[in-house]
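Quick notes on the structure that follows.
In what follows, chains carry the letters A, B, and so on, assigned in the order in which the sequence lines appear, proteins first and then strands, with residues in each chain numbered from 1.
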Protein chains: 2
Amino acid sequence: MFKKVLIVEDHESVSISVQKSLTDLGIPYDSRDYVYYCDDAIKRIEKAIAENEPYELLITDLSFEEDTPQLLKTGVDLIKAVKEIQPKMKTLVFSIENRAHVAQLLLKELDIDAFIPKARHDAKDLKLAIEALANGKKYFSNNLKQTVKDETPFKFTDYDTVLLKLLANGTAQKDIPIYFKKHNVVPAGLSSIEKRLSQIKTTLNLSSNEHLIAYVKDRKVI
Amino acid sequence: MFKKVLIVEDHESVSISVQKSLTDLGIPYDSRDYVYYCDDAIKRIEKAIAENEPYELLITDLSFEEDTPQLLKTGVDLIKAVKEIQPKMKTLVFSIENRAHVAQLLLKELDIDAFIPKARHDAKDLKLAIEALANGKKYFSNNLKQTVKDETPFKFTDYDTVLLKLLANGTAQKDIPIYFKKHNVVPAGLSSIEKRLSQIKTTLNLSSNEHLIAYVKDRKVI
DNA sequence: CCCGACATTACGGTTTCCCGTAACGTTTAG
DNA sequence: CTAAACGTTACGGGAAACCGTAATGTCGGG
């Protein structure tokens, strides 16, 4: 089992619960630390490396309240920073996010070792994950919603998200070509923009731009 | 201190932590129960009344995962139901919601006794609240964000939300009068609808319907 | 170099939205 | 009852979005 664990979680109640789970797994009090901010986390990790007692496991949330300015704003930022200074540390993400494709993306892009969504039986889930990691395995929670892929058979490209963000920010459709040409986004023609929007709406059975914006906001595409 | 407490929370990790807080306050194990669903909660409460050992305190979340169909879908539904059968029970809401005006609304409309947002020091906050309630006081967390009122000086009416929901669902502006006339919403004239939308956008400095929909989605107006 | 396939842009007609003005209806005060 | 004030609706011109089609550009293979 792990001898040194760091918990990064800005909700005290959740942090307490994670600590209890570690206790249940036989990880003693002095084997773990907890912090409320990513910036504190990276400092601790650096210090632990310097003292030749590096952490073995990182348990982190993804989103943090931005009440005080931080260099590392999200769990993703933190994991990237950790991978730079201690690439072999095991990383477990414990987040309210429950969409399988988001978890898979983290698994692939950031090479995390486990993803647990905060849900009905998340404490049990968490323990199973930690045990799996201690045995050198990866752990992908089965409480993740696979349905999202089915609900959204449509794949939004980077071009789409830029376009949708401009619309959601109030840019008139006819002015988008100006922005695209300035920022070297192609295709920049108004006609192409109209066609793309039309195609997206047809595919997703959406009948207006307002409908489309509501759709992507609900699904956190933008 | 309370002798019988019911915790309604669908995240196991949070539930565990709330229970630990109760333990810290000297409320023993057999004095409390916890459930994952609102429907289970109301059953327990009814049973407790029938057995002449009613609960004294209800600690509930607001939003629940809708994985299985429930009669009571939200904490608000639950509290309303509870107030009908046991109006004197103390009610404490423990939610991710941290906007002061939402909490105040619950305080006023549902006559809840305390509101604690899940945040950095929510466990401490929760304990303070429970102690206050045990002493017959109400407790309004000071971790709530007062800023929202300033950010949104605009007050959306019921008419506005109906209108915006129609737009967000893809109803064409020109077709909204048809819907309004059918459902006896006034004013129903296209001209009035245009004027109202225009007024909202001018007031909030929004330049298009897309912009407006993004705005209300971000602020959970609809 | 030429050609075809494809992506991108340009253009024009139609619909919808936008916005100002005027007409109509209702309520209230005198 | 009338007049004024206000809310609602009707109308019309202009702008933007929508959508089909044609023209132009781009890239690779022959």
So, taking the atom named CZ in A:Phe154 and the one named OG1 in A:Thr202, what distance separates them when rounded to the nearest 0.5 Å? 10.0 Å
Report the C-alpha distance between A:Asp122 and A:Asn143 in whole Å, list the side-chain angles of each, state the deciding distance to 0.1 Å, and finish with yes or no for side-chain contact (heavy atoms from CB on, under 4.5 Å). CA-CA 9 Å; A:Asp122 50 7; A:Asn143 291 327; over 6 Å; no
All pairs passing ring-ring contact (aromatic ring centres under 6.0 Å, His included) where residues 107-146 of chain B contributes a residue, at least two apart: A:Tyr36-B:His121
In Å, rounded to the nearest 0.5 Å, how long is the span from OG of A:Ser95 to CD of A:Glu9? 9.0 Å
If you count the non-hydrogen atoms of other residues, nucleotides and ligands that lie under 6.0 Å from CG in B:Asp218, is the total more than 12? yes
Residue list, side-chain contact (heavy atoms from CB on, under 4.5 Å) with B:Ile85, at least two apart or on another chain: B:Ile42, B:Ile45, B:Glu46, B:Ile49
Phosphate-side-chain proximity, A:Asn209 and D:dA16, N/O vs OP1/OP2 below 4.0 Å: no
Give me the one residue out of B:Lys124, B:Lys118, B:Arg120 that meets salt bridge (Lys or Arg N to Asp or Glu O under 4.0 Å) with A:Glu12. B:Lys124
Does anything in residues 168-188 of chain A reach DNA chain D, meaning a heavy atom under 4.0 Å, and if so which residues? A:Ala172, A:Gln173, A:Lys174
Atom CZ of A:Arg196 and atom P of D:dA17: how far apart are they, to the nearest Å? 19 Å
ring-ring contact (aromatic ring centres under 6.0 Å, His included) contacts in which one or both residues fall within residues 164-210 of chain A, not counting sequence neighbours: A:Tyr159-A:Phe180, A:Tyr179-A:His183
Please report the interatomic distance CD(A:Glu131) to NZ(A:Lys137), rounded to the nearest 0.5 Å. 9.5 Å
Relative to A:Phe64, does A:Lys73 satisfy both conditions: NZ or CZ under 6.0 angstrom from the six-membered ring centre, and within 45 degrees of the ring's axis? no
Return all side-chain donor-acceptor pairs below 3.5 angstrom for residues 169-178 of chain B, not counting sequence neighbours, or 'none' if the list is empty.
{"from": "B:Asn169", "atom 1": "ND2", "to": "B:Lys165", "atom 2": "O", "distance (Å)": "3.2"}
{"from": "B:Thr171", "atom 1": "OG1", "to": "B:Leu166", "atom 2": "O", "distance (Å)": "3.0"}
{"from": "B:Gln173", "atom 1": "OE1", "to": "B:Asn209", "atom 2": "ND2", "distance (Å)": "3.0"}

In 5'-to-3' order, the base (B), backbone-only (S) or no-contact (-) status of each nucleotide in nucleotides 19-24 of chain D, using a 4.0 angstrom heavy-atom cut-off, is B-B---
So salt bridge (charged side-chain N to carboxylate O under 4.0 Å, His left out) across residues 74-84 of chain A, not counting sequence neighbours, yields none
Taking salt bridge (charged side-chain N to carboxylate O under 4.0 Å, His left out) as the cut-off, I'd like each qualifying pair that reaches into residues 183-196 of chain A, sequence neighbours left out, listed once. A:Asp160-A:Arg196
Between A:Ile130 and A:Leu92 the two heavy atoms that sit nearest each other are CG1-CD1, 4.0 Å
Work out how much the helix from C:dC1-D:dG30 to C:dG30-D:dC1 bends between its end axes, five pairs an end, to the nearest 10 degrees. 10°
When the distance from CG of B:Leu190 to C1' of D:dC11 is rounded to whole Å, what number comes out? 11 Å
Please name all residues satisfying salt bridge (charged side-chain N to carboxylate O under 4.0 Å, His left out) with A:Asp125, sequence neighbours left out, ordered by chain then number. none
How would you give the extent of chain B contacts on DNA chain C, as first and last nucleotide 5' to 3' within a 4.0 Å heavy-atom cut-off? C:dT16 to C:dT21
Nucleotide N/O to protein N/O under 3.5 Å, stretch nucleotides 25-28 of chain D:
none

